[in-house]
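The structure displayed is predicted, hence computed values, not measured ones. Counting starts at 1 for both ligands and their atoms, following the listed order.
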Amino acid sequence: MAIVNLGVLAHVDAGKTSLTERLLFEAGVIDQPGSVDEGSTQTDTLELERRRGITIKSAVASFLIDDVTINLIDTPGHPDFIAEVERVLAVLDGAVIVISAVEGVQAQTRVLFHTLKRLGIPILFFANKIDRRGARYASLISDISERLTDSIVAVSEVAGNGADAVSHPLTLADSEFRSGLVEALAERDEEALAEFVTGKRELSDSELTRRLAAQVAQGNLHPIFFGSAISGAGVGQLMRGIAHLLPTAAGNPDAELSGAIFKVERGPNGEKIAYARVYDGSLHVRERLRLDEDRGGKITAIQVFRNGGIQPATQIRIGEIGKVWGLKDVQIGDIIGEPRRSSQRHFSPPTLETLIAPVKSGERGMLLAALSQLAEQDPLINVRQDDQRQEIFISLYGEVQKEVIGDTLALDFGIEVEFRETTTICIERVNGTGAAFEVLRTPANPFLATIGLRVEPAPLGSGIGFKLEVELGSIPLAFHRAVEETVGKTLLQGLNGWSVTDCLVTMTHSGYLARQSHSHSTFDKSMSSTAGDFRLLTPLVLMEALRKAGTEVCEPINRFFIELPTDLVGSVISVLSRHGAIPYGPEIRSQTSTIEGMIPVAAVHGLQQMLPHLTRGEGLFDSSFDHYEPIRGTAPKRARTDNNPLDRDAYLIKVGRRI
Ligand SMILES: Nc1nc2c(ncn2[C@@H]2O[C@H](COP(=O)(O)OP(=O)(O)OP(=O)(O)O)[C@@H](O)[C@H]2O)c(=O)[nH]1
Ligand SMILES: [Mg+2]
């Protein structure tokens, strides 16, 4: 049974959900394509999605094309919901990137394309909305090749305009298309090149198609289909492309089970339902699953996506996607068995944080419980508590996500909340090298542990590394682990309260007192080191080392793109500069021009609100995270929520170890 797990990805509003609907209709799964605008589609089922007309959660739909089962995952395009896309990436055999033929390549299109490319996921392009006025053909192809990739081959052409626009497949009988394709293949496929250049023989149609599929599968070439999700133009050809140009799921049925959980939802009775894809082996009802060291459970029921629907089943086989019941503590992103694709983060982290509080003061506990349930489905919500001030913070990608969280809490949990003080999340990077150590049984050290740590900068994007420069056996493994874990936790709040990243921490000294007791009595904590001694001392040593190394607070910077009437370019550029943005040379055209550049995330919201006024309502603004940059001037601090190891005396009192 051939299966393709297909992601549909795009910038917001490009037409992913509409295309999904059209594919389900053409495949015979539904009698009428539903409409996003009327809230009647198969994949936008949440009340909030229907109300807002945007996709918020990824959703699966299944259908057959020429005996190939397609499990399609419709994803949200709004950058605030990128976490939903993130998890889906792990389970895809291929992707369709939808591009509006009117708007062309947009900010999120680029982010998604480059991420898919990096992961080696084969990509087809669908240029949608050819039925709209202003839809482009040749200029869209050059837009894609200039702003995205030149590894493209247009496989259809458009005739007519507006509602009458039709899309014709280009065939190998067309000599121009044929020679273009042969050339594109020859550039990427040495064997084809040899045969083509030496002219040994004509490549047959079926051989050309086979070689095209091979290049698509390797991620070297991306066919562009043109059409319309609303009129249905070009969708039939896209379906043949999906079934015959993308690689089908492959795996080893005899190997150990491996798979991934890419979505978690709650059923009508609050029970957890996990969406799993299987790579190798198979997943059975009544099987016990291990999710990590201390989480797991027994599978009580399975449903598998098949032939346009979902059916009860006893197992999920290779390549299949199914719903799984019974895993009570499952989380989105869980890996079953050996990971297939790097489970690393592919997109930038949330860059905003907001204080969230219940309107009714007695509902704080309820709110925390609700947020932790939401965090099971969306790990990037990242709930942070300040127990001293009784405050709750959550990370955010943007204003729309904030509104959706507010609505979800009201609708699903009956909790009215308010948000205050949205701030930018900065990070701290280490400036130089710093080291510190404390030795057990010395007067200043109340803990039965010797710890030495060195902190130094590591390459950008590398996160936090931990290394031992002491003999592995010098202290029990459990103590090493305690130090390593505590290092990770401590670095969540650096010298200025922001999380420290891109650094290497090396353990340079270690020592402990072995388990001992006075004769005939039991284990005596005052004479023997415990993991607690290592946990409590680590923050003091680490922060001392960090203080010596010094840190630099960096703020998130977005790449922006503005389209606006040409006569306003000058005035908008000066406003941009006042907001700390760095515009690159604008691209001036007769009527509308574009400005690209970098802007601090902190300035994005304000600018977005001013733009309609600045551009007579005609400006389009788009931005996505690009990098972190050191803040010039005074670095902002974030209030600490830990025991503040920077203040030794206060810290010792808080952890109850006053000397
Ligand atoms: N004219 C025309 N309109 C389209 C076409 N495809 C989608 N639309 C419209 O574009 C809007 C957005 O469509 P959606 O299908 O919700 O787009 P999406 O990519 O799923 O959006 P998000 O999931 O929110 O990112 C809706 O108003 C659709 O009716 C098309 O081919 N032609
Ligand atoms: Mg959608």
Q: Considering heavy atoms of the protein only, find what lies nearest to atom 23 (O) of ligand 1 and give residue, atom and distance to 0.1 Å.
A: Thr55 OG1, 2.7 Å
(Q) Checking a contact table here: which protein heavy atom is nearest atom 21 (O) of ligand 1, and how many Å away? (A) Asp13 N, 3.1 Å
Q: Do me a favour and list the nearest non-hydrogen protein atom to atom 4 (C) of ligand 1 with residue, atom name and distance?
A: Ile230 CG1, 3.4 Å
Q.
Just verifying a value: how many Å separate Tyr275 OH and Ile321 CD1, rounded to the nearest 0.5 Å?
A. 10.0 Å
Q) Can you list the ligand 1 atoms lying under 4.0 Å from a non-hydrogen atom of Ser228? A) 30 (C), 31 (O), 32 (N)
Q.
Side chain, backbone, both or neither: which applies to Asp131 and ligand 1 if a contact is any heavy-atom pair less than 4.0 Å apart?
A. side chain
**Q.** Contact with ligand 1 for Ala10, non-hydrogen, under 4.0 angstrom
**A.** no
Q) Taking 2.8 Å as the cut-off, does an N/O/S atom of Thr75 lie below it from the Mg ion (ligand 2)? A) no
Q. Among Arg132, Lys129, His11, Lys16, whose heavy atom sits nearest atom 9 (C) of ligand 1?
A. Lys129
Q) Would you say the side chain of Asp74 lies within less than 4.5 Å of the side chain of Thr41, judging by non-hydrogen atoms? A) no
(Q) Checking the side chain of Lys129 only, and the main-chain atoms of Gly15 only, is there a donor and an acceptor separated by less than 3.5 Å? (A) no
Q: Heavy atoms only: give me the nearest Thr17-Thr55 pair and the separation to one decimal.
A: OG1-OG1, 2.8 Å
Q: Could you grab the distance from atom CD1 of Ile415 to atom OG1 of Thr408, nearest 0.5 Å is fine?
A: 11.5 Å
Q. Does Asp37 approach ligand 1 within less than 4.0 angstrom via side chain, backbone, both or neither, non-hydrogen atoms only?
A. side chain
Q.
Under a 3.5 Å distance rule, please check whether Asn128 uses its side chain to pair with a backbone N or O of Ala14 as donor and acceptor.
A. yes
Q. Does the Asn558 side chain pair with the main chain of Ile599, one donor and one acceptor, at a distance under 3.5 Å?
A. no
(Q) If we ignore hydrogens and angles and just use 3.5 Å, is the side chain of Lys272 paired with the main-chain N or O of Leu327 as donor and acceptor? (A) no
Q) Numbering the atoms of ligand 1 from 1, which are under 4.0 Å from a heavy atom of Ile54? A) 24 (O)
Q. Measuring from Phe225:CZ to Ile130:CD1, what's the distance to the nearest 0.5 Å?
A. 13.5 Å
Q. Does Thr43 bring an N, O or S atom to within less than 2.8 Å of the Mg ion (ligand 2)?
A. no
Q | Element-labelled atoms of ligand 1 that are located less than 4.0 Å from some non-hydrogen atom of Thr17 | A | 15 (O), 18 (P), 20 (O), 23 (O)
Q) Does any N or O in the side chain of Ser624 come within less than 3.5 Å of the main-chain N or O of Gln108, such that one atom is a donor and the other an acceptor? A) no
**Q.** For ligand 1, the portion of Val36 having any non-hydrogen atom under 4.0 Å away
**A.** side chain
Q: Pick, from Ile56, Asp44, Asn128, the option with the minimum heavy-atom distance to atom 6 (N) of ligand 1.
A: Asn128
Q) For atom 17 (O) of ligand 1, what is the nearest protein heavy atom, given as residue, atom name and distance? A) Gly15 N, 3.1 Å
Q) Which ligand 1 atoms, with their elements, are less than 4.0 angstrom from a heavy-atom of Val12? A) 24 (O), 25 (O)
**Q.** Main-chain N/O of Val12 paired to His78 side chain as donor or acceptor, under 3.5 Å
**A.** no
**Q.** Shortest protein heavy-atom distance from atom 15 (O) of ligand 1, along with the residue and atom involved
**A.** Ser18 OG, 2.6 Å
